[in-house]
Amino acid sequence: MEDPSTNPAKVQKLRERAARPSHSMLRYLAENKIGRVQTQEDRKKLWYEHRYVRYAPSFIGQLKPKMRLWTAALEESQLPLARLPEIAVCGRSNSGKSTLLNYLCGQESANVRRFPGSTTELVFWKVGRPAQLCLVDLPGYGYAEASEEKRLQWTEFMLWYIRARKNLKRLLLLIDACQGVKPADREMIAYLERHSVPWQIIVTKCDKVPSKEIARRLTILKEDLGQYRRMAGDPVPVSALKRRGMDLLRDGLNQMKVAKEMVKEGIRLKVYDLLEQRRIRNRERRRRKSEKKAAAAASAAEAAEATRAEADVPNEDTEETEDALETDLHHLLGNWASSAPPREDLQQSPSISKAFFSLDDRDSRRVDSFMSSLFPDLEQLRAVDASPAQVSARDGGGDLDMGSRGAGNLQAGQPQPDQEMSTFGDESTFSDDEGEEDLGDIKPEVRRFDFHHNSGETPRRSGKSQGPSGPSWFPGLGPSSSRDQGKPGQEGSAVGLRRDQSRPRGDKVYSEDDFASPQDYAAGFRRWAPAAPTGGAPGKLMAEIRQRYEREWSMELEDVSQSGRGAPDAAEPQRPARARASEEPRPRMPFVTQEGLKPIPKGHGKHKVFGKPPARILKTKRPLDVTKALKLKSRYRTTRKRNTGTGLDWEDAKEQWLTWYSKHKRDWRLVSEADSPKKEDVDAAYETLQERRRQRVANLHRARHKGGRARDANAPRDESALPEWAGRDE
Ligand SMILES: Nc1nc2c(ncn2[C@@H]2O[C@H](COP(=O)(O)OP(=O)(O)OP(=O)(O)O)[C@@H](O)[C@H]2O)c(=O)[nH]1
Ligand SMILES: [Mg+2]
C-alpha cells in the first residue's frame, strides 16, 4: 500500500478526518449558524434576514460607527499621521478583506469586487465619530488582476508598512475557508513573527463550507499555529457577507480603540468623554465668536469710538468664555472636579521632574529614584539651557541607536528646546473628529501621554533634520522650563506647562518611545524600521526579504528550482547575472533565486514569484453556446450542409440518408426539418435494413451453434460431404 505520508494533500485529509473538534467550538458554530446552510428552512430565514433586517452592529461603543476614508497610500509621504491605533487586514487577494471591513462597521464604504486585485493601495479608514480606531485595508498578495509592476509596488509597500508602522496594533490575516492556509500565508506568518507584529487569523467565507468541516479545519489550524508567539488570539470563523460570527471579532477589536484615561484634579476620566465635551465647547465658542463679531460690526457702523473700545474686548471675553466653558465642562461632567478641593502643591511652580512624572507622592518618588539611577547628573541638567551650537552638534549624529543617543545626550547635558510634535501610538494616541484642533488644554493633563503635541505640521521622517528647534528626545525634561521661562510669547504652541495654569500631577510610565529618535517618533515608525521602498529601486525590498527569510518561508520557488539539482553549494560565491554588452540594459524587476537576482520571468514561470491564479481564472471563458443549449442548431446553421444527394442516384442517396438517419433519429426536430426523402419512405427503408441485419445476425448465431457455416435446415443431408468421424452413427 502507498505510504500516505509521501503525499501532503492526503496527510491533510487524513488529519482532517481524525480531528476531534471541541464541544465548545461545535456549540459556538451551531449557535451562531456559521457554516453552509443545510436546510431549506434555514436558507429561507437567511434570505429574509439578509434582505429585510437592517444591519446596525455595535462596534467600538457606537452603533453602526461611521467609516470615513482617511487616505490611500502607496508611498511613505502619503501615510497619514500615526495618531490612531491601527488594525490592518491582510490576506491573499479576493479573500474578502474589504468586505470584512465594511461589515465590521455595518457600512458599505470599501470597494468590493468579484475579481482579485480590487484594492490596489493601502486604504486608511477612520472609524467612529469621534474617530477611535483606524482600519487599514491592505491590498492582497498572491495572484491579482493587475500589472506586475503594480503588484510588486503594493506588495513591497505593504510589507514595509507592516514592519515599520508603530501604531499597527494588530494584523488580521484573512484566510478563505474554501482554500485553507496556502504557502503564501505561511510566509506572511513567518514575516509577522519575525517583526513582532501581533496577528490573528480570521477564517472568512464560512458560508461556503459545512460547519463540521469548519470545526475540523479550525482544530487543525489551532494545533498548527499554537507554536507562534505573536498570535494574538485563536482563529475566528466569520462570514462577512452573511454577517455571521462578526461579534466575536468585534469584541476582540473593541479593546484596541482609543480609550485613554486622564487624571484631572485627582479624578480619573475617559479622554473620549472629554473630547466630546470639548467638541461641544468649541462649537459653542465658535458660535459666540461669530455672534460677537456681528455685533461688533454693527456697532462699528454707529460710532468709531465704540469700535476702538471693542478692540480690547475679545481677550477679556475669551478668558471669560474660557472660564465659563471650564465651569460648563465641569457641569457637564457631573461637577466632580469642581467639588474637589484645590491642592496646595499644584499651585507651586512645578519642578521639571515632578511636573511631568508624578501623580501622587508615591509615584513621583518612585519615578525620581528611577530617574536619578538612570541619570545621576540630573540636577545639573536642569540648570543647563540648550544652546544652538550644541544642538546642531547633536543632530549630526547620523542614524545610530536612538536609545543610546537619547540617553547619551541627556547625560551630556544637552536638553533640547521643545518643539511641537504629534502624538501617536499606544501611549499617546487620541484624535477627534476635527483632528486638527489644538489639544493644548487637555493634553498636559493626560496620564501617560503628556508628550508635546503638534498643532501644525508634523516633521516627517524623510524630511530634513530638526535643527536647533528639534523636539526633545526625552519629552518633558528640560525644554519645558527653558521654554516657559525664556519664551513667554510662545504660550500654547506646544503642550507643556502653561503659565497661567499649574499642572496636576500625573504619573509617567516610560516606553520605548521616550528613547526613540525624534524623526521616528514623529512619523510613527518602529525602531530599526528600514527606509521605505521607493520607485527608483523596485523589488529591492522584496528581494532582501526573500533572501533573508528563505528558509522560514516555505518557498515554492525553492522547491521548484532545487528539485533534481540538489542543494546549492554554500561555498560557491553567488554570481550576479551577467549583462550582455550588445543588448540594451533591460529594466530589471528582480527576484531572488539560488543563482542571485533575476528578472521576473514571463509566462508560467512568473507564478513562482507572484503565486498562481485560481483555477477559475485560468480557465478560458467562452460565451455560452445558446444554439446548442436551446437545440436551435439546425435553424441557425452556419456550418456546411452535408451532401444530401446531389449528383447521386436514388439508391446511393437513400443509403447515405439512412446512415444519417440512424445517427440522428433521436433528434426528431432535426429529422423532421431535414431536406430528405419522405420520412415514411426512410422509415420503411430503415426497417427493411434493420430486418436484413437481424437476419444476418441470426444466421451467424445459428451457424456458430451448428459448428460450421450456416446451412439450410431442410436441405438433404449429403453424407459424403461429411468427414468420416461425423457421419458414423452406427
Ligand atoms: N460567500 C461569501 N463571499 C464573500 C465573503 N466575503 C467576501 N466575499 C466575496 O469575495 C469577493 C471578494 O471580496 P473583496 O472584499 O473584494 O476581497 P479582497 O480581499 O478585498 O480582494 P482584493 O482587494 O482584491 O485583495 C467578493 O465578490 C465578495 O462578495 C463571505 O463571507 N462569503
Ligand atoms: Mg479589497
Side-chain angles (χ1 to χ4, degrees), residues 29 32-38 42-43 46-47 49-51 55 57 67 69 72-74 87-125 135-148 150-159 161-162 171-182 184-185 188 201-211 213-214 217-218 235-250 610-614 616-617:
L29 293 178
N32 291 282
K33 294 182 187 160
I34 297 170
R36 193 162 72 199
V37 280
Q38 302 286 350
D42 284 347
R43 191 165 292 125
L46 183 64
W47 176 81
E49 261 176 38
H50 216 228
R51 185 147 184 174
Y55 190 52
M67 201 175 147
L69 178 67
L74 259 187
I87 293 170
V89 283
C90 166
R92 283 163 60 82
S93 291
N94 218 38
S95 54
K97 298 178 288 295
S98 310
T99 316
L100 186 85
L101 286 198
N102 277 339
Y103 284 102
L104 265 180
C105 305
Q107 308 281 353
E108 299 207 340
S109 309
N111 191 8
V112 171
R113 297 216 205 129
R114 286 190 63 193
F115 59 83
S118 52
T119 311
T120 57
E121 285 171 309
L122 281 73
V123 189
F124 291 79
W125 297 94
L135 294 178
V136 190
D137 190 3
L138 300 180
Y141 48 81
Y143 176 79
E145 289 183 5
S147 69
E148 276 148 28
K150 267 246 143 198
R151 280 159 64 191
L152 190 66
Q153 190 188 0
W154 83 50
T155 310
E156 277 200 316
F157 188 66
M158 179 190 76
L159 290 173
Y161 164 85
I162 290 171
L171 193 126
L172 305 180
L173 186 60
L174 267 61
I175 285 173
D176 191 334
C178 307
Q179 310 218 359
V181 182
K182 298 266 176 183
D185 298 321
M188 181 51 89
I201 285 207
I202 312 293
V203 182
T204 58
K205 303 197 187 181
C206 282
D207 55 303
K208 288 183 163 182
V209 183
S211 53
E213 287 288 308
I214 295 174
R217 285 180 198 175
L218 281 176
V236 181
V238 299
S239 164
L241 209 61
K242 309 287 183 217
R243 308 160 190 173
R244 300 290 193 213
M246 300 286 281
D247 285 336
L248 185 67
L249 180 58
R250 280 193 205 103
F610 282 126
K612 207 173 172 192
R616 181 166 64 77
I617 284 168

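Both counts, for ligands and for their atoms, begin at 1 and track the order of listing.
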Measure the distance from [atom] to every protein heavy atom, then report the residue, atom name and distance (to 0.1 Å) of the closest one.
atom	result
atom 22 (P) of ligand 1	Ser118 OG, 3.5 Å
atom 10 (O) of ligand 1	Lys205 NZ, 3.1 Å
atom 20 (O) of ligand 1	Ser98 OG, 2.8 Å
atom 18 (P) of ligand 1	Lys97 N, 3.5 Å
atom 26 (C) of ligand 1	Arg113 O, 3.5 Å
atom 32 (N) of ligand 1	Asp207 OD1, 2.7 Å
atom 23 (O) of ligand 1	Thr119 OG1, 2.8 Å

Taking all non-hydrogen atoms of both residues, which atom of [X] and which atom of [Y] are closest, and how far apart?
X	Y	answer
Leu46	Lys242	CD2-CD, 3.8 Å
Ile214	Val209	CD1-O, 3.5 Å
Cys90	Met188	SG-CE, 3.7 Å
Pro237	Ile34	O-CD1, 3.7 Å
Leu74	Thr120	CD1-O, 3.9 Å

Quick one: which ligand 1 atoms are inside 4.0 Å of a heavy atom on [X]?
X	result
Asn94	11 (C), 12 (C), 17 (O), 18 (P), 19 (O), 21 (O), 22 (P), 24 (O), 25 (O)
Gly140	25 (O)
Arg114	27 (O)

**OP:** For Asn111 and Ser118, test the side chains for any donor-to-acceptor distance below 3.5 angstrom and give the result as yes or no.
**Re:** no
Original post:
Can you name the side chain to side chain contact (heavy atoms under 4.5 Å, CB included) partners of Asn102, sequence neighbours left out?
Top reply: Met67, Ser109, Ala110, Val112
Original post:
Do any N/O atoms on Thr99 end up under 3.5 angstrom from N/O atoms on ligand 1?
Top reply: yes
Hey, could you give me the [atom1]/[atom2] distance between [X] and [Y], rounded to the nearest 0.5 Å?
X	Y	atom1	atom2	result
Glu121	Gln153	CD	CD	9.0 Å
Leu101	Leu174	CG	CG	8.5 Å
Ile175	Ile201	CD1	CD1	3.5 Å
Ile202	Leu171	CD1	CG	10.0 Å

**OP:** Please list, in chain and residue-number order, the protein N/O/S atoms closer than 2.8 Å to the Mg ion (ligand 2).
**Re:** Ser98 OG, Thr119 OG1
So which bit of [X] gets within less than 4.0 Å of ligand 1, heavy atoms only: side chain, backbone, both or neither?
X	answer
Leu241	both
Pro116	backbone
Lys208	side chain

**OP:** Could you tell me if any non-hydrogen atom of Thr204 lies under 4.0 Å from any atom of ligand 1?
**Re:** no
Subject >> Test salt bridge (charged side-chain N to carboxylate O under 4.0 Å, His left out) applied to Lys182 and Asp185, step by step >> reply: CA-CA 5 Å; Lys182 298 266 176 183; Asp185 298 321; over 6 Å; no
Subject >> Heavy-atom nearest option to atom 17 (O) of ligand 1, drawn from Ala177, Ser239, Gly91, Gly96 >> reply: Gly96
**OP:** May I ask which of Ala240, Gly142, Gly117, Ser93 has a heavy atom nearer to atom 24 (O) of ligand 1 than the others do?
**Re:** Gly117
Original post:
Near Glu108 CD, under 6.0 Å, is it more than 12 heavy atoms from other residues, nucleotides or ligands?
Top reply: no
**OP:** Just say parallel, tilted or perpendicular for the rings of Tyr103 and Tyr55, cut-offs at 30° and 60°.
**Re:** tilted
